[in-house]
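Here the structure comes first, spelled out in structure tokens, and everything after it is commentary.
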Amino acid sequence: MHRYFPHTQADIEAMLARCGAGDIRDLYSDVPEQLVMRRDYEVPEQMSEQQVREYFKGLCDKNQPLVCFAGNGFYNHYAPSIIDAVIRRSEFLTAYTPYQPEISQGTLQYIFEYQTMMATLTGMEVSNASMYDGATATAEAMMMAVSHARKRNRVLLSATVAPAVGAVVDTYASYHGITVDRIAETDGITDLSDMESKLAAGDVAGVIVASPNRYGIVEDYSGVADKCHQAKALLIMNCVASDLGVLRTPGEWGADIAVGDAQSLGMPLNYGGPYLGYICTTKSLIRKLPGRIVGATTDAKGRRVFVLTLQAREQHIRRDKATSNICSNQGLMALYAAVYLSTMGAEGLREVAEKGYHGAHYLASELEKTGQMKLKYPERPFLNEFLMSTDIDVDDLIARCVAEGILPGVKTSEGEILIAVTEINTRKEIDRLVEIVKSVKGKMS
């Protein structure tokens, strides 16, 4: 009756006998009677294929596509059509963990290529390939720093790192006995004097900063790595992946670990995922690196092949003593990033960044001309994202824009809205947003 159930009645009886149980219900004998459900499950009737299609089309039709000027760590970028064509191939879309190299060469190769491109993009020496998102990648980097420092369990986190990332870092820290202290911010950037005073205590394992930061500001981290290393702490930089096509890389800043979300490499926003976190680091920290690492070698016939390497760090080898329990099947999104990077290349990444830069600076200027908004930090450099302050009711503004088919940005606090522009946004769309802002009552004092 149940063609997909693998166990026969004889199998079940054999297992029960081995467990010393006479019936499957005996396995649940310690469950209180009042918690045991005695009725049938409320499972809906099956549908035909056409009915399923119509059902999901009905759900899809409820979506309201919006012109997106929201960012806050996740960005609406163009995705070349070749990406879907590649990742939808069955050998990639249905592939599982590549523990058997003799039958997983394709999967292992694209992970290797992804790692190579991410290491190049960040200016680091090695990369892993199995992080959920940028926030968990940052938390894992924090634990790398503490593990490397051994007797130090204090980490400094700049107040200019995105709050959502900071919240995940705090959660991880609370269960690992790690103390996370905030570095103060001054005029939208990390207060380096506060960082130095906290480093002086001599008990800091790592320092976490962002580029661009939570306000879209591109901070100057000259000398920060030296200060961290003098205090025997690691420098961790959380970066927007696509921005590294034009910004100074973590490797060039002297960072020890580069982390962040790779969603900006063409991945659709898709109501929150799936996305992809990345961690890249120096060779000296490779044994502290969580997740999978694929290496290239040669087989008995001298042919180039790919294998999972340094697996003793993983939980399927060391269980609770593993470097981390991160070992998700994010391989498909790593393939997505690899196809995007290989298709766009260095010139494509630069073009994407330049279009976002010019669009963002044009929009910021036009919004200021309305008299309704002004840049929160006018003296600070930004790439394609900026924070505006206003006496307009931001919730009302967002509602009005949504009614016009535009998502104008992300409210960060009362009277402040974070706005991002990518190569997707046209001049016509930008001008339309400005016109809506003009029509809303409220003048800057």
Side-chain angles (χ1 to χ4, degrees), residues 1-47 51-52 55-56 59 93-100 104 128-144 146-147 150 153 155 164-180 270-277 279 287-292 308 310-333:
M1 291 178 62
H2 304 290
R3 59 187 296 185
Y4 297 112
F5 285 8
H7 302 127
T8 66
Q9 187 61 37
D11 292 333
I12 294 173
E13 290 174 0
M15 288 188 286
L16 288 172
R18 183 65 178 268
C19 295
D23 187 274
I24 288 180
R25 285 173 293 186
D26 293 343
L27 301 177
Y28 303 94
S29 60
D30 58 340
V31 177
E33 183 64 27
Q34 62 269 28
L35 299 180
V36 177
M37 188 170 71
R38 298 299 183 185
R39 58 179 173 79
D40 290 335
Y41 294 112
E42 294 179 3
V43 179
E45 291 295 318
Q46 70 271 21
M47 296 181 184
Q51 288 173 321
V52 171
Y55 173 75
F56 281 105
L59 292 179
L93 193 61
T94 63
Y96 187 57
T97 302
Y99 289 142
Q100 295 175 278
S104 304
N128 75 354
S130 54
M131 308 306 298
Y132 296 117
D133 54 30
T136 52
T138 307
E140 292 282 345
M142 168 191 69
M143 293 193 295
M144 283 176 64
V146 171
S147 176
R150 295 187 180 182
N153 67 341
V155 171
V165 174
V168 173
V169 168
D170 288 338
T171 299
Y172 270 60
S174 67
Y175 291 99
H176 288 84
I178 299 172
T179 299
V180 179
N270 202 35
Y271 297 95
Y275 296 156
L276 174 68
I279 296 185
R287 291 190 178 276
K288 303 293 183 182
L289 190 63
R292 300 194 185 100
L308 287 175
L310 296 175
Q311 291 187 76
R313 302 165 304 105
E314 294 199 61
Q315 70 268 27
H316 71 280
I317 298 292
R318 301 197 69 202
R319 298 180 182 272
D320 59 315
K321 294 182 180 179
T323 298
S324 168
N325 284 315
I326 284 284
C327 190
S328 68
N329 197 22
Q330 295 299 101
L332 188 67
M333 303 317 295

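Asn153 and Gly177 make their closest contact through ND2-O, 2.8 Å (heavy atoms, listed as atom of the first residue, atom of the second, distance). Among all heavy-atom pairs drawn from Ile12 and His7, the shortest one is CG1-CB, 4.2 Å. In terms of heavy-atom proximity, Met333 sits nearest to Tyr275 at CG-O, 3.7 Å. Nearest heavy-atom pair across Pro290 and Asn128 is O-ND2, 2.9 Å. The two residues Leu308 and Pro98 make their nearest non-hydrogen contact at CD1-O, 3.6 Å. Minimum interatomic distance between Ala173 and Val180 (heavy atoms only, all atoms of both residues): CB-CG2, 3.5 Å.
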**Request:** Using the side-chain contact (heavy atoms from CB on, under 4.5 Å) rule, take Val168 and Thr138 through it: C-alpha gap first, then chi angles, then the decisive distance, then the call.
**Result:** CA-CA 8 Å; Val168 173; Thr138 307; over 6 Å; no
**Derivation and outcome, side-chain hydrogen bond (donor to acceptor under 3.5 Å, both in side chains), residues Thr136 and Asp133** = CA-CA 6 Å; Thr136 52; Asp133 54 30; 2.8 Å; yes
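Between the side chain of Ser147 and the main chain of Met143, no donor-acceptor pair closer than 3.5 Å is present.
Remark: Asp170 pairs with Arg182 by the salt bridge (Lys or Arg N to Asp or Glu O under 4.0 Å) rule, at least two apart or across chains.
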Report, one line per pair, each donor and acceptor closer than 3.5 Å where one atom sits in a side chain of residues 34-43; sequence neighbours left out.
residue, atom, partner, partner atom, Å
Arg38, NE, Glu33, OE2, 3.4
Arg38, NH2, Glu33, OE1, 3.4
Arg38, NH2, Glu33, OE2, 2.7

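A side-chain donor-acceptor contact under 3.5 Å links Thr8 and Asp11.
With Ser324 as the fixed residue, the side chain to side chain contact (heavy atoms under 4.5 Å, CB included) test singles out one of Met131, Glu140, Met144: Glu140.
Considering CD of Glu13 and CD1 of Ile24, their distance stands at 10.0 Å, rounded to 0.5 Å.
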